[in-house]
Protein chains: 2
Amino acid sequence: MLCEDDPNLGQLLLEYLNAKGYTTDLATDGQEAIKAFKRGSYNFIILDVMMPIKDGFTVAQEIRAEDKHTPILFLTAKSLKEDTLKGFEAGGDDYMTKPFSMEELLARINVILKRSNPFVLADEEEVDDSLGNFVFQYKKQKLILGDQETKLTTKENELLFLLSKHRNGILERSFALKTIWGDDNYFNGRSMDVYIAKLRKHLKADDRLEIINVHGKGFKLIAP
Amino acid sequence: MLCEDDPNLGQLLLEYLNAKGYTTDLATDGQEAIKAFKRGSYNFIILDVMMPIKDGFTVAQEIRAEDKHTPILFLTAKSLKEDTLKGFEAGGDDYMTKPFSMEELLARINVILKRSNPFVLADEEEVDDSLGNFVFQYKKQKLILGDQETKLTTKENELLFLLSKHRNGILERSFALKTIWGDDNYFNGRSMDVYIAKLRKHLKADDRLEIINVHGKGFKLIAP
DNA sequence: CGTTTTACTTAACTTGATTTAACAGGGTTA
DNA sequence: TAACCCTGTTAAATCAAGTTAAGTAAAACG
């Protein structure tokens with residue numbers, strides 16, 4: 001979602017992002033942005049700071065009250081130090097000062113998405129990840145050890161991805177369930193436990209890797 | 001790891017980052033940076049772009065050939081559009097133009113770390129710890145004695161962690177209860193007493209270690 | 001168009017973690 | 001020292017997770 005009150009710039013960016021493979025909605029003021037956010041489901045949010053009705057920082061705070069994950073990038077004409085910090089305090093991930101190059105905007109979007117949610121990256125870039133002796137290819141749904149390739153099923157793949165993203169920290173049960181299964185209920189939970197067992201079998205080939213349980217909280221992938 | 005050839009700026013940043021809780025090593029040219037990277041294990045890399053011997057982009061590419069995970073942030077005096085893009089192409093996560101504010105640098109480091117690996121953030125706790133003849137691995141929830149590994153349950157682990165942090169001093173009952181159980185009440189208190197008994201059994205293998213009770217106050221882990 | 005394969009879910013049973021209960025000692029204070 | 005509260009310990013009860021297999025439905029195959 002893009003929120004920008006200058007219609008020229010807004011349209012320009014909208015077209016650019018769509019051309020680059022990111023389906024984008026445009027909101028023209030803060031109020032609209034909040035509405036759109038509540039209605040839709042976005043993977044990335046770009047907010048102009050100075051807008052009528054509701055400024056970008058306020059919008060960000062209201063979004064962050066409900067959603068702590070979706071990346072937010074601020075666009076602004078002001079480059080004051082305090083403003084930049086305010087942007088990060090409001091839960092922003094990046095802060096760009098106008099005028100900026102659209103290529104740089106795209107580069108920043110890509111790099112943030114790669115870290116937060118490679119599922120939605122627009123380009124072909126491979127998201128390989130080394131896990132101990134394994135190479136985990138998320139896009140190809142493969143786990144490679146030496147010359148041995150194992151195909152992962154969709155659920156295995158997404159679960160391993162989340163574990164890997166939170167490696168050495170807790171992946172919370174309910175977060176994983178909501179992210180992968182869409183709903184945290186008893187049966188999905190049991191299903192996830194089955195997949196944890198499957199992943200443990202896959203990862204057994206490297207004994208530095210381990211999925212441990214944190215009772216009542218979630219799972220932790222121990223990886224060097 | 002910080003790599004910066006200007007000794008004044010390097011020293012300044014080093015001190016600032018250390019003060020903010022990030023243990024930082026300083027390299028003063030690209031060659032050194034690569035060496036340090038191969039030797040050490042870093043959670044974040046800051047590279048100046050213009051450096052003698054090897055420039056920042058080259059360093060980043062060489063690091064990325066081995067490691068796709070560790071975030072890289074570029075610092076540079078040039079703010080050319082092509083240079084910025086070059087930074088992202090080289091596998092960088094962010095790009096800051098001098099002069100910059102140290103607060104903003106810190107904010108950007110924090111926001112990138114949060115997305116890449118939430119568990120190295122500055123307030124994270126120490127990992128391994130020797131307790132008498134034992135090695136206590138908090139992250140892996142393990143207690144190691146020689147070649148004997150004992151898995152600890154989450155509650156055992158948290159409790160031993162607090163005891164160990166306050167070793168030879170009092171760990172107050174209500175503090176431990178609030179920290180681990182979230183609430184200091186009768187039942188949680190009894191539960192904790194059960195875990196104290198379990199830990200005593202685990203630690204019995206080394207008679208220099210002892211958990212003693214301080215009546216009405218809490219527990220004290222005696223450890224050399 | 002029927003059969004087989006595959007991914008995923010549900011079920012059933014087992015194991016483990018944590019809490020609660022029960023009882024037995026200590027420590028402190030009136 | 002008697003009464004009371006705090007702690008030590010063990011066992012039972014409860015709830016979460018581990019595991020394996022059976023069920024189901026859609027996709028792939030022939």
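Note that the coordinates shown come from a computational prediction; the quantities given were computed from them, not determined experimentally.
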- Task: Whole angstrom is fine here: how far is it from CD in Q141(A) over to P in dA7(C)?
- Result: 9 Å
- Query: Expressed in angstrom and rounded to an integer, what is the separation of K198(B) atom NZ from dT7(D) atom C1'?
  - Reply: 17 Å
- When you measure from the side chain of K155(B), which nucleotide among dT10(C), dA21(C), dT19(C) comes out closest? dT19(C)
- Message: Side-chain N or O of W181(A) versus OP1/OP2 of dT9(C): is the shortest distance under 4.0 Å?
- Response: yes
- Query: Atom CD of E172(B) to atom P of dC6(D): distance rounded to whole Å?
  - Reply: 15 Å
- Measure from the side chain of R173(A), starting at C-beta and using heavy atoms only, and say which of dC8(C), dA17(D), dA11(C) lies closest. dA17(D)
- Query: Quick one: do K54(A) and E62(A) make a salt bridge, cutoff under 4.0 Å?
  - Reply: yes
- Listed nucleotide nearest any side-chain atom of D193(B), set dT10(C), dT19(C), dT9(D): dT9(D)
- Message: Counting only side-chain nitrogens and oxygens, does K201(B) get under 4.0 Å of the OP1 or OP2 atom of dT10(D)?
- Response: yes
- Query: When the aromatic ring centroids of F175(B) and H166(B) are compared, is their separation below 6.0 Å?
  - Reply: yes
- Between dA17(D), dG8(D), dT18(C), which nucleotide has the shortest distance from any of its atoms to the side chain of R190(A)? dA17(D)
- Item | Euclidean distance, atom OH of residue Y186(A) to atom C1' of dC15(D) [Å, nearest integer] | 10 Å
- Taking only the side-chain heavy atoms of N213(A) (C-beta and beyond), determine which of dA17(D), dG26(C), dT19(D) contains the nearest atom. dA17(D)
- Message: On the six-membered ring of Y195(A), is K198(A) placed so that its NZ or CZ lies under 6.0 angstrom from the centre and within 45° of the ring axis?
- Response: yes
- Task: May I ask you to decide whether E210(B) forms a salt bridge with R200(B), counting only side-chain N to carboxylate O separations under 4.0 Å?
- Result: no
- Is it true that D94(A) and R108(B) make a salt bridge, defined as a side-chain N closer than 4.0 Å to a carboxylate O? yes
- Query: F219(A) side chain: which of dA21(C), dT18(C), dG18(D) is closest?
  - Reply: dG18(D)
- Note on the structure: Between CG of N188(A) and C1' of dA17(D) the distance, given in whole Å, is 16 Å
- Query: Hey, which of these two, T153(A) or H215(A), hits DNA chain C nearer its 5' end, going by closest nucleotide?
  - Reply: T153(A)
- Gap between atoms CG and C1', on L177(B) and dC6(D) respectively (whole Å): 13 Å
- Message: What is the separation between atom CG on N185(B) and atom C1' on dT19(C), rounded to the nearest whole Å?
- Response: 11 Å
- Item | Spacing of L160(A) atom CG relative to dA7(C) atom C1', expressed in whole Å | 17 Å
